[in-house]
Amino acid sequence: MGDSLQRLGPDCESIKEELCMEIDPPFRESSATAEDWRRALDRVVPAVVVLRTTACRAFDTESAGASYATGFVVDRRRGIILTNRHVVKPGPVVAEAMFVNREEIPVYPVYRDPVHDFGFFCYDPGAIQFLSYDEIPLAPEAACVGLEIRVVGNDSGEK
């Protein structure tokens with residue numbers, strides 16, 4: 001059968017180059033040091049929460065049950081936590097957020113994106129009495145392929 005791009009004629013190589021994308025970005029030496037990562041983690045870990053959710057009924061594509069997930073504070077003043085859509089659930093949910101110092105507060109679903117995998121919970125910022133924390137601002141323009149990241153979260157409710 002042959003390469004279907006060969007049927008396009010002699011200019012197929014330039015078309016093939018344009019259609020191909022680089023899967024593995026070129027290796028670049030990391031510019032972040034261990035001290036940089038430690039400072040970054042010290043700043044963001046207090047804003048990361050464990051979300052405990054309970055869905056009392058099966059709804060849409062989600063079954064009833066209890067689960068744990070991770071979220072993080074994106075707006076401290078208004079009390080907004082970003083997480084995955086399936087955590088916020090498409091139906092009724094009862095949820096609590098547990099901060100790094102084990103303070104637990106109720107959270108309430110605000111938004112579930114119908115297409116993309118994110119959702120927001122809100123909480124009363126005045127309910128956090130003993131923890132000094134900051135928000136993690138969203139910066140979609142800073143995301144790029146090949147960027148070194150560290151993932152902070154929980155595994156089945158563990159810290």
Side-chain angles (χ1 to χ4, degrees), residues 20-159:
C20 291
M21 61 181 228
E22 190 173 321
I23 301 299
D24 295 323
F27 177 76
R28 283 183 266 156
E29 192 63 38
S30 174
S31 59
T33 66
E35 181 62 23
D36 293 334
W37 282 116
R38 188 193 61 72
R39 278 196 310 270
L41 288 172
D42 287 347
R43 182 176 165 267
V44 301
V45 165
V48 176
V49 297
V50 175
L51 296 164
R52 183 174 46 225
T53 61
T54 305
C56 56
R57 296 190 57 88
F59 190 88
D60 194 21
T61 59
E62 302 291 324
S63 60
S67 61
Y68 289 91
T70 302
F72 60 95
V73 177
V74 293
D75 191 328
R76 181 179 171 203
R77 185 181 59 79
R78 290 187 271 184
I80 298 177
I81 295 172
L82 174 68
T83 188
N84 297 95
R85 178 191 181 277
H86 69 273
V87 177
V88 180
K89 310 259 189 238
V93 64
V94 175
E96 296 176 323
M98 182 170 49
F99 284 78
V100 71
N101 68 343
R102 303 273 187 210
E103 279 188 80
E104 295 182 20
I105 58 168
V107 294
Y108 308 96
V110 177
Y111 179 74
R112 304 158 184 90
D113 191 273
V115 176
H116 303 96
D117 187 21
F118 73 90
F120 293 105
F121 280 111
C122 71
Y123 67 96
D124 175 13
I128 304 297
Q129 300 175 6
F130 305 105
L131 179 66
S132 174
Y133 66 100
D134 204 2
E135 63 192 33
I136 301 172
L138 299 177
E141 68 282 352
C144 65
V145 174
L147 185 66
E148 185 177 351
I149 64 167
R150 300 260 170 124
V151 178
V152 178
N154 71 79
D155 186 16
S156 298
E158 297 177 3
K159 284 291 191 185

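Atom set for the values below is all heavy atoms of this structure, side chains included, hydrogens, waters and symmetry mates excluded.
The aromatic rings of F118 and H116 lie parallel to each other, their planes meeting at an angle below 30°, with 60° marking the opposite boundary.
Nearest heavy atom pair, residue P46 against residue L41, reads CD-O, 4.3 Å. Between T54 and A66, the closest heavy-atom pair is OG1-CB, 4.1 Å. Considering all non-hydrogen atoms of both residues, L131 and E103 come closest at N-OE2, 3.2 Å. Closest approach of P109 and V88 over heavy atoms only: CB-CG1, 3.6 Å.
For the pair Y108/V110, no side-chain contact is recorded, criterion being any heavy-atom separation below 4.5 Å from C-beta on. For the pair V87 and T53, the minimum side-chain heavy-atom distance is below 4.5 Å. Side-chain contact between L138 and L82 is present, with at least one heavy-atom pair separated by less than 4.5 Å. Side-chain contact between V100 and V48: absent, with no pair of heavy atoms (C-beta onward) separated by less than 4.5 Å. In this structure, F120 and D113 have side chains that are not in contact, with every pair of non-hydrogen atoms separated by 4.5 Å or more. Using a 4.5 Å heavy-atom threshold, the side chains of L51 and T70 count as separate. Side-chain contact between F121 and I80: absent, with no pair of heavy atoms (C-beta onward) separated by less than 4.5 Å. Taking 4.5 Å as the limit, some side-chain heavy atom of D117 sits within range of a side-chain heavy atom of H86.
Going from atom CD of E104 over to atom CE of M98 covers 5.5 Å, rounded to the nearest 0.5 Å. Considering CZ of F72 and CD1 of I81, their distance stands at 10.5 Å, rounded to 0.5 Å.
The salt bridge (Lys or Arg N to Asp or Glu O under 4.0 Å) contacts involving residues 67-83 comprise D75-R78, where partners must be two or more places apart or lie in separate chains. Legend: side-chain hydrogen bond (donor to acceptor under 3.5 Å, both in side chains) pairs involving residues 39-50, not counting sequence neighbours, sorted by first then second residue: D36-R39, R38-D42. Sorted by first and then second residue, the side-chain hydrogen bond (donor to acceptor under 3.5 Å, both in side chains) pairs with a member in residues 123-134 read Y123-Y133; sequence neighbours excluded.
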